[in-house]
Amino acid sequence: MASKVESPPYPSAAKISDSSCFPQYTASLKCLEQNNSEKSKCQEFFDDYKECKKKEREARLERNRHRSLFS
């Protein structure tokens with residue numbers, strides 16, 4: 001009997017590993033784990049991830065800006 005492959009409950013979560021910000025994402029989670037979920041000790045990691053996502057979004061918007069709807 002073939003096993004059924006289930007998709008993740010949150011589709012966007014499946015794509016995080018493809019992101020150029022994945023190292024910042026994992027570093028922030030690791031920080032939380034090491035500091036018993038004390039967010040104040042991990043603010044630098046959160047800020048790094050937020051800045052990376054901002055740059056990633058800006059780059060995507062710039063790429064899309066140069067695309068034509070008719071090409």
Engineer: Can you list every pair that meets salt bridge (charged side-chain N to carboxylate O under 4.0 Å, His left out) and has a residue in residues 45-54, with sequence neighbours left out?
Structural biologist: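 Output for this query lists Lys53-Glu56.
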Engineer: Any chance you could lay out the salt bridge (charged side-chain N to carboxylate O under 4.0 Å, His left out) test for Lys55 and Glu58, step after step, and finish with the verdict?
Structural biologist: CA-CA 5 Å; Lys55 289 178 182 176; Glu58 289 171 353; over 6 Å; no
Engineer: Do other residues, nucleotides or ligands put more than 12 heavy atoms under 6.0 Å from Gln43 CD?
Structural biologist: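 For Gln43, atom CD is crowded (more than 12 foreign heavy atoms under 6.0 Å).
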Engineer: Can you list the residues that meet the ring pair (Phe, Tyr, Trp, His ring centres under 6.0 Å) rule with Tyr25, with sequence neighbours excluded?
Structural biologist: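 Listed in chain order: Tyr49.
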Engineer: Show the nearest heavy-atom pair for residues Ala27 and Phe45, with the distance to one decimal.
Structural biologist: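 Looking at all heavy atoms of both residues, the closest pair is CB-CD2, 3.7 Å.
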Engineer: Output a table of donor-acceptor pairs, distance under 3.5 Å, between side-chain atoms of residues 32-42 and any protein atom two or more places apart or on a different chain; print 'none' if there are none.
Structural biologist:
{"unit_1": "Asn35", "atom_1": "ND2", "unit_2": "Cys31", "atom_2": "O", "d": "2.9"}

